2 protein chains.
Amino acid sequence: MYKEDWLTSSLIAGSLSCNPVLVRKELATLKEGGLIESKEGKNGGIRILKSADKIYLSEIFNLVKGSDTVLSSLKNKPNPNCRVGKQINIKLDTILNDIDNAISNELQKQTLEEFKNQF
Amino acid sequence: MYKEDWLTSSLIAGSLSCNPVLVRKELATLKEGGLIESKEGKNGGIRILKSADKIYLSEIFNLVKGSDTVLSSLKNKPNPNCRVGKQINIKLDTILNDIDNAISNELQKQTLEEFKNQF
DNA sequence: ATATACTGTATTAATTTTTATTACAGTACA
DNA sequence: TGTACTGTAATAAAAATTAATACAGTATAT
C-alpha cells in the first residue's frame with residue numbers, strides 16, 4: 001500500500017484553498033455515505049472507496065445536502081393566526097423538496113468518473 | 001381606485017417579519033420583470049400587474065435568482081497552474097447552470113394562482 | 001518504546017454575508 | 001401644504017460560514 005494512496009486533509013485543503021479542519025468535517029459525511037474511507041495515524045489520510053464510475057453526482061449531492069432543503073431552511077416564522085401564514089411553510093416545503101428532487105435527478109445524469117474525464 | 005389595491009412595503013414586511021427596505025429592494029426585481037407595479041406618494045404601494053394564473057413560479061425564480069447560479073457563486077480561486085484547477089470552475093459552472101435549469105423546469109409546473117389556491 | 005504524522009472533534013476567533021436601521025430625496029394625494 | 005408612500009444609499013447589527021488553535025486517539029516507522 002503506497003503512501004500516495006491516502007490524501008491528507010492538508011493536501012486537499014491546500015488544493016481547495018480552505019482549512020483542513022473544514023475538509024475533515026465535510027469528508028466525514030462522505031465517509032458515512034460509504035464513498036470514501038479514512039485511516040488515522042501516520043501516513044494516514046483519505047481515499048475513495050467506491051469506484052468513481054459507480055458514484056453519480058446525485059449521491060454526493062444528497063449526502064452533502066443533509067436533511068435540509070437546498071434553497072431554504074425555512075427559518076421564517078410567519079403569523080400563526082394568519083390563514084396563509086399558518087400553512088405557508090408546509091406548502092413551501094413541498095416545493096423545496098420537489099426542487100431538491102429535480103436537482104438530484106439532474107445530477108443523476110453524470111458519474112464522478114465522467115466528470116473527472118473532462119480534465 | 002381603492003386604497004386597498006396597493007400594498008405598502010410596511011404591510012408586506014409585517015406579514016413576512018422582515019424589514020420594509022428589504023421588501024422594497026426585492027420587489028424592485030419583480031417590478032423590472034413586469035410582474036408588479038408600484039406607485040409612489042401617499043396611498044401608494046405595490047400591486048400585482050400580471051394575472052397570477054399567467055405567472056409561473058419559474059418566472060419569479062428566474063427574476064429573483066439574478067445572474068448567479070443558485071448553488072454557488074463560485075468564489076473559490078483554485079490554483080491556475082493546476083491542470084484541474086485551471087478548468088474546474090468552468091466545468092462546475094456548466095453543472096450549476098444545468099441545476100438552475102432543472103429547478104426552473106420544475107417550477108414551471110405551477111402558477112402563482114395554483115399555489116395561492118392551496119390556501 | 002518512542003517520535004512522528006495523521007484523523008476526529010471541540011472551542012473560539014475571524015471573516016463574510018445577510019438583514020436591519022436610519023436617513024432622506026422625490027412623488028402623489030387630500 | 002402636510003402627509004404617507006417609494007427608491008435608494010449608507011451604516012450598523014446579526015447570523016452564518018470559515019479559519020485557527022488545541023489536543024486526544026491512533027497507526028507507522030525507526
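All figures in this text were calculated on a predicted structure; none of them were measured in a lab. Chain A is the first sequence line, chain B the second, and so forth, proteins listed ahead of strands; every chain is numbered from 1.
- Along DNA chain D, the nucleotide nearest to B:Gly41 and the one nearest to A:Lys25 differ in position, and the one closer to the 5' end is contacted by B:Gly41.
- Using modelled atom types, one side-chain atom of B:Asn97 and one backbone atom of B:Asp93 make a donor-acceptor pair closer than 3.5 Å.
- To the nearest angstrom, P of D:dT26 lies 18 Å from NZ of A:Lys42.
- The residue among B:Glu26 and A:Thr8 whose nearest nucleotide of DNA chain C lies closer to the 5′ end is A:Thr8.
- Pairing each heavy atom of B:Leu7 with each of B:Leu11, the nearest pair is CD2-CD2, 3.5 Å.
- No donor-acceptor distance shorter than 3.5 angstrom exists from the side chain of A:Ser51 to the backbone of A:Lys54, with no hydrogens or angles considered.
- Where A:Glu40 and A:Cys18 each meet DNA chain D at their nearest nucleotide, the meeting point lying more 5' is that of A:Cys18.
- You'll find that the side chain of B:Ile46 is closest to D:dT6, out of D:dT28, D:dT6, C:dC29.
- Among the protein residues, A:Ser9 comes within range of the sugar-phosphate backbone only, with heavy atoms under 4.0 Å from sugar or phosphate atoms but none that close to a base.
- For A:Val21, whose side chain is taken as the heavy atoms from C-beta onward, the closest listed nucleotide among C:dG8, C:dA30, D:dA20 is D:dA20.
- Distance A:Leu22 CG to C:dA10 P: 15 Å, rounded to the nearest Å.
- Without hydrogens or angle criteria, A:Asp100 side chain to A:Val70 main chain gives a donor-acceptor distance under 3.5 Å.
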